[in-house]
Number of protein chains: 4
Amino acid sequence: MAAKRTGEKYYAIIEAAVKVIAENGYHNSQVSRIAREAGVADGTIYLYFKNKEDLLISLFRIKMGEFTAGARHELKDLKNPFIKLARLIHLHFNRLESDRNLALVVQIQLRQSENSIRKGIAAPLKLYFNIIEEIVVEGITSGAFRQDVNHKLARQMIFGTMDEVATSWVMSTHQYSLASQIEPVYYLLARALAQDGKIEPFSI
Amino acid sequence: MAAKRTGEKYYAIIEAAVKVIAENGYHNSQVSRIAREAGVADGTIYLYFKNKEDLLISLFRIKMGEFTAGARHELKDLKNPFIKLARLIHLHFNRLESDRNLALVVQIQLRQSENSIRKGIAAPLKLYFNIIEEIVVEGITSGAFRQDVNHKLARQMIFGTMDEVATSWVMSTHQYSLASQIEPVYYLLARALAQDGKIEPFSI
Amino acid sequence: MAAKRTGEKYYAIIEAAVKVIAENGYHNSQVSRIAREAGVADGTIYLYFKNKEDLLISLFRIKMGEFTAGARHELKDLKNPFIKLARLIHLHFNRLESDRNLALVVQIQLRQSENSIRKGIAAPLKLYFNIIEEIVVEGITSGAFRQDVNHKLARQMIFGTMDEVATSWVMSTHQYSLASQIEPVYYLLARALAQDGKIEPFSI
Amino acid sequence: MAAKRTGEKYYAIIEAAVKVIAENGYHNSQVSRIAREAGVADGTIYLYFKNKEDLLISLFRIKMGEFTAGARHELKDLKNPFIKLARLIHLHFNRLESDRNLALVVQIQLRQSENSIRKGIAAPLKLYFNIIEEIVVEGITSGAFRQDVNHKLARQMIFGTMDEVATSWVMSTHQYSLASQIEPVYYLLARALAQDGKIEPFSI
DNA sequence: GATGAATGAGTCTTCATTCAT
DNA sequence: CATGAATGAAGACTCATTCAT
């Protein structure tokens with residue numbers, strides 16, 4: 001009865017869901033289609049997930065969790081908040097560009113209206129927000145960023161900007177690379193935050 | 001057969017839809033509930049809208065159209081791009097704060113996955129994006145903003161930031177006012193864009 | 001409240017119904033479409049007909065009544081039952097061929113399942129059946145047709161054959177003329193009925 | 001997704017549909033009522049049939065297919081075209097008389113106006129028409145039937161007559177037996193076709 | 001008489017979920 | 001553990017009919 005949260009099939013279903021939802025959208029992704037893509041029976045999905053919604057939330061949790069853990073690890077040893085900011089943008093954009101399906105799901109399909117889904121993804125998203133805010137706080141504390149910057153607001157600007165750039169890219173026909181936006185986005189954000197306009201040159 | 005696009009009931013249905021969708025989300029807003037809220041029969045909806053999706057798109061078009069027209073009018077006579085930016089943020093946040101239901105629908109419920117809906121709202125959204133980009137271009141041309149700013153990217157930062165701040169506010173319990181964010185958001189964005197860090201003090 | 005059964009619009013609606021039903025089938029012919037075709041308002045239909053079903057039945061009654069009256073008149077003065085039979089087939093096929101829409105409605109669209117409709121068209125159809133049976137009875141009485149012919153059965157053969165030939169023609173692409181079938185159908189039916197194989201040569 | 005076309009429930013649904021449609025007519029037979037009659041859930045219908053229309057067409061195909069196969073088998077070894085004709089009428093009328101519901105559906109309810117349904121039943125009906133025409137051709141070739149008989153027309157007479165007799169019987173209150181009409185119908189049709197009036201006495 | 005905007009009952013179909021095997 | 005046939009609740013949409021003007 002209790003959903004198993006591990007095993008080979010667990011991940012097969014997650015990957016199948018990313019693919020099917022990316023291609024068809026959440027509301028047009030039948031459980032049976034995800035099951036077929038994963039090579040399991042419909043009922044098997046329910047051995048691993050409580051319901052369809054739980055599958056979507058788990059998917060986000062897994063993918064976001066992996067990303068957040070990786071990001072935290074990569075940023076850990078960087079000393080300068082500007083470089084951390086650059087690296088963050090780099091990680092964010094590269095992650096989405098390297099997996100177009102995941103990008104579609106996270107940027108588009110996940111923006112669902114169901115309150116329960118939004119609640120379910122709030123926690124893993126919060127962890128990512130924390131990483132961003134920590135960079136901001138560190139920047140302020142170290143004197144690299146302006147003292148009057150509100151760190152929550154700065155986080156909203158950083159995330160909102162990356163998010164909008166990524167959404168534009170996902171919805172475009174990909175004529176340009178998302179990676180090409182890393183440096184210009186960095187300069188925009190860095191200038192918004194820098195103390196007395198003194199920013200570090202872009203470096204990841 | 002052709003849907004009537006005017007009349008007292010047309011607007012009554014639009015308003016009812018905003019209310020019901022804000023409260024329940026698009027996929028959980030039955031046509032019959034919207035009809036009841038509007039005080040008309042179910043079938044009447046279909047005299048004014050082709051289908052449920054058309055209702056959502058029309059709603060966005062109407063509301064966004066009103067806002068865009070108003071914004072363009074208000075910005076027209078302002079001379080300084082910094083002041084225009086401040087006024088834009090002011091208009092954006094005030095519009096959402098003055099109509100919590102509309103904010104819910106636009107910030108949350110409308111972020112649907114259906115391609116057809118996204119296509120339907122693309123055009124009116126584009127008109128708003130144009131207004132933002134025009135401010136950026138004017139700023140660059142006049143020398144107020146940095147010459148190396150990419151105006152599309154700047155627009156994405158401005159919109160993305162306002163959008164994320166608004167979404168956070170909508171999803172919070174409104175302990176704070178969205179209007180209170182106008183000035184700090186202005187300073188963040190203005191610094192990101194300003195030539196040599198020379199920004200205008202906040203003024204709407 | 002009581003439906004008017006005369007007037008210019010009455011016939012305009014009947015003709016519009018024949019056209020629309022011929023083109024779309026009964027169940028796909030909305031009252032509003034018939035009204036538009038007739039150049040009247042939807043509600044006007046209900047000043048002349050009790051409901052949609054009454055319109056269909058009236059249509060059949062009018063058209064069948066005209067035909068039956070004409071046929072009875074044309075057959076009245078013919079002396080020979082063989083010639084009457086030939087003339088009947090001639091009238092039946094010519095009527096349908098001269099008005100393709102009417103043929104479509106009578107041969108195809110009218111074969112509806114609603115019991116009430118079948119009951120409504122039973123009476124005018126019966127009048128036509130009577131004409132056919134009278135020819136048969138006259139043939140038997142005069143010694144032209146076999147004495148052991150059951151007149152109801154003979155009528156069923158005559159009508160059934162004409163009906164099937166007409167239906168085949170209506171459903172075909174009209175590569176051939178229905179009139180061309182008059183003579184061969186006559187010979188088939190005449191031989192089935194003739195006393196000692198002595199039939200009259202075809203003559204209308 | 002693909003409809004299963006076999007299994008116990010497949011036939012249970014077919015039989016239930018025959019019963020419900022016979023009693024209520026196609027347009028007044030809700031899918032849910034057919035499901036209840038068959039003892040399955042509404043949704044189960046859609047595991048076996050693409051939609052309601054497909055159910056009606058399948059029903060006809062199955063029943064007509066069974067009948068045509070049986071008729072072809074029974075007629076195979078009969079040597080004389082007159083006897084084949086007699087046997088055909090016998091099979092046709094007995095089949096309908098032995099299953100009043102089937103008769104109602106085939107003679108009345110199936111005469112629908114929907115083009116798609118007519119197209120769907122055209123093929124199995126054609127197979128039956130072929131059997132009739134083969135008898136006619138054999139009769140002409142063997143010299144038993146007149147040389148100037150058009151075989152398509154003869155088929156239309158044979159089918160049209162049987163059909164009209166059956167329809168009359170179905171719509172009557174069954175005061176008489178359809179079987180009682182086999183012999184007189186045979187004599188009518190045989191005389192219409194016979195060379196020089198020489199027919200075989202009725203024998204099945 | 002005529003209009004046509006408004007009504008609201010009625011139904012097919014989908015698909016997440018269950019459970020006997 | 002795994003299956004997949006079966007379930008049945010839920011809802012968008014149509015269109016014949018009415019009635020205030």
Side-chain angles (χ1 to χ4, degrees), chain A residues 1 4 7-10 27-36 38-56, chain B residues 1 4 7-10 13 27-36 38-55, chain C residues 1 4 7-10 13 27-36 38-55, chain D residues 1 4 7-10 13 27-36 38-55:
Chain A
M1 193 102 298
K4 283 185 49 181
E8 199 179 311
K9 291 194 177 169
Y10 181 72
H27 281 286
N28 205 30
S29 293
Q30 296 83 342
V31 170
S32 60
R33 218 196 286 201
I34 295 172
R36 199 182 329 134
V40 301
D42 294 17
T44 304
I45 302 259
Y46 291 86
L47 296 176
Y48 291 90
F49 302 92
K50 200 152 65 66
N51 50 37
K52 188 185 174 185
E53 196 175 288
D54 180 39
L55 167 53
L56 188 69
Chain B
M1 192 105 298
K4 291 174 48 183
E8 198 181 311
K9 293 200 174 161
Y10 180 72
I13 293 165
H27 282 287
N28 204 32
S29 294
Q30 295 83 343
V31 171
S32 58
R33 218 197 287 201
I34 295 172
R36 199 183 326 133
V40 301
D42 293 18
T44 304
I45 302 262
Y46 293 88
L47 294 178
Y48 292 89
F49 303 92
K50 203 153 63 66
N51 50 37
K52 190 185 171 185
E53 193 176 291
D54 180 41
L55 168 53
Chain C
M1 192 103 300
K4 283 187 51 182
E8 199 180 312
K9 292 194 176 171
Y10 181 72
I13 293 166
H27 281 287
N28 205 30
S29 294
Q30 295 83 338
V31 170
S32 60
R33 219 197 286 203
I34 295 172
R36 199 184 328 137
V40 302
D42 294 16
T44 305
I45 302 259
Y46 292 85
L47 297 175
Y48 291 91
F49 302 93
K50 201 152 65 66
N51 51 36
K52 189 184 174 186
E53 195 176 287
D54 180 41
L55 168 54
Chain D
M1 191 105 298
K4 290 174 50 180
E8 200 180 309
K9 293 199 173 161
Y10 181 71
I13 293 166
H27 282 286
N28 206 31
S29 293
Q30 296 84 341
V31 170
S32 59
R33 220 197 286 201
I34 295 172
R36 200 184 323 135
V40 301
D42 293 18
T44 304
I45 303 263
Y46 292 86
L47 294 178
Y48 291 91
F49 303 92
K50 202 153 63 69
N51 50 37
K52 190 184 173 186
E53 193 176 291
D54 180 40
L55 168 54

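Chain letters run A, B, ... following the sequence lines, proteins first, then strands; residues in each count from 1.
In this structure, CD1 of I45(D) is placed 13 Å from P of dT14(E), rounded to the nearest angstrom. Rounded to whole angstrom, the span from the CZ atom of R33(C) across to the C1' atom of dT14(F) amounts to 13 Å. Nucleotide dC15(F) holds its P atom 17 Å from the CG atom of N51(C), rounded to whole Å. Rounded to whole angstrom, the span from the NZ atom of K50(D) across to the C1' atom of dT13(E) amounts to 12 Å. The separation between K52(C) atom NZ and dT14(F) atom C1' is 11 Å, rounded to whole Å. In this structure, the OH atom of Y46(B) is 6 Å from the P atom of dA12(F), given to the nearest Å. When rounded to the nearest whole Å, the span between CG of D54(D) and P of dC12(E) equals 14 Å. Remark: C1' of dT13(E) and CG of L55(D) are 14 Å apart, rounded to the nearest angstrom.
Between D42(D) and S32(D), the shortest heavy-atom contact is OD2-CB, 3.3 Å. Y46(C) approaches V31(C) most closely through the heavy-atom pair OH-CG2, 3.7 Å. What you find for R33(C) and N28(C) is that their closest heavy atoms are NH2-O, 3.8 Å.
Residues satisfying the side-chain hydrogen bond (donor to acceptor under 3.5 Å, both in side chains) criterion with D54(D), sequence neighbours excluded, are R5(D), S58(D). Shown here are the ring-ring contact (aromatic ring centres under 6.0 Å, His included) partners of Y48(D), two or more places apart in sequence or in another chain: there are none. Applying the side-chain contact (heavy atoms from CB on, under 4.5 Å) rule to V40(D) yields the partners K9(D), I13(D), A35(D), A38(D), T44(D); only residues at least two apart in sequence or on another chain are considered.
Both K9(A) and V31(B) lie near DNA chain F, and the one whose nearest nucleotide falls closer to the 5' end is K9(A). Residues G39(B) and G39(C) each lie close to DNA chain E; by heavy-atom proximity, the contact nearer the 5' end of the strand is made by G39(C).
The L47(C) side chain lies nearest to dA2(E) when the options are dA2(E), dT13(E), dC15(E).
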Distances for protein N or O near nucleotides 8-10 of chain F N or O, under 3.5 Å:
from	atom 1	to	atom 2	distance (Å)
dG8(F)	N7	G43(D)	N	3.2

> Can you give the dot-bracket line for DNA chain E, using ( ) for pairs inside the strand, [ ] for pairs that cross earlier ones, | for pairs with another strand and . for unpaired bases, where Watson-Crick and G-U count if both distances are under 3.5 Å?
Replying inline: .||||||||||||||||||||
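Rounding to the nearest 0.5 Å places CG of N51(C) at 11.5 Å from CD1 of I45(C). To the nearest 0.5 angstrom, L47(B) atom CG is 13.5 Å from Y10(B) atom OH.
Heavy atoms of Y48(D) sit under 4.0 angstrom from primed sugar atoms or phosphate atoms, though from no base atom.
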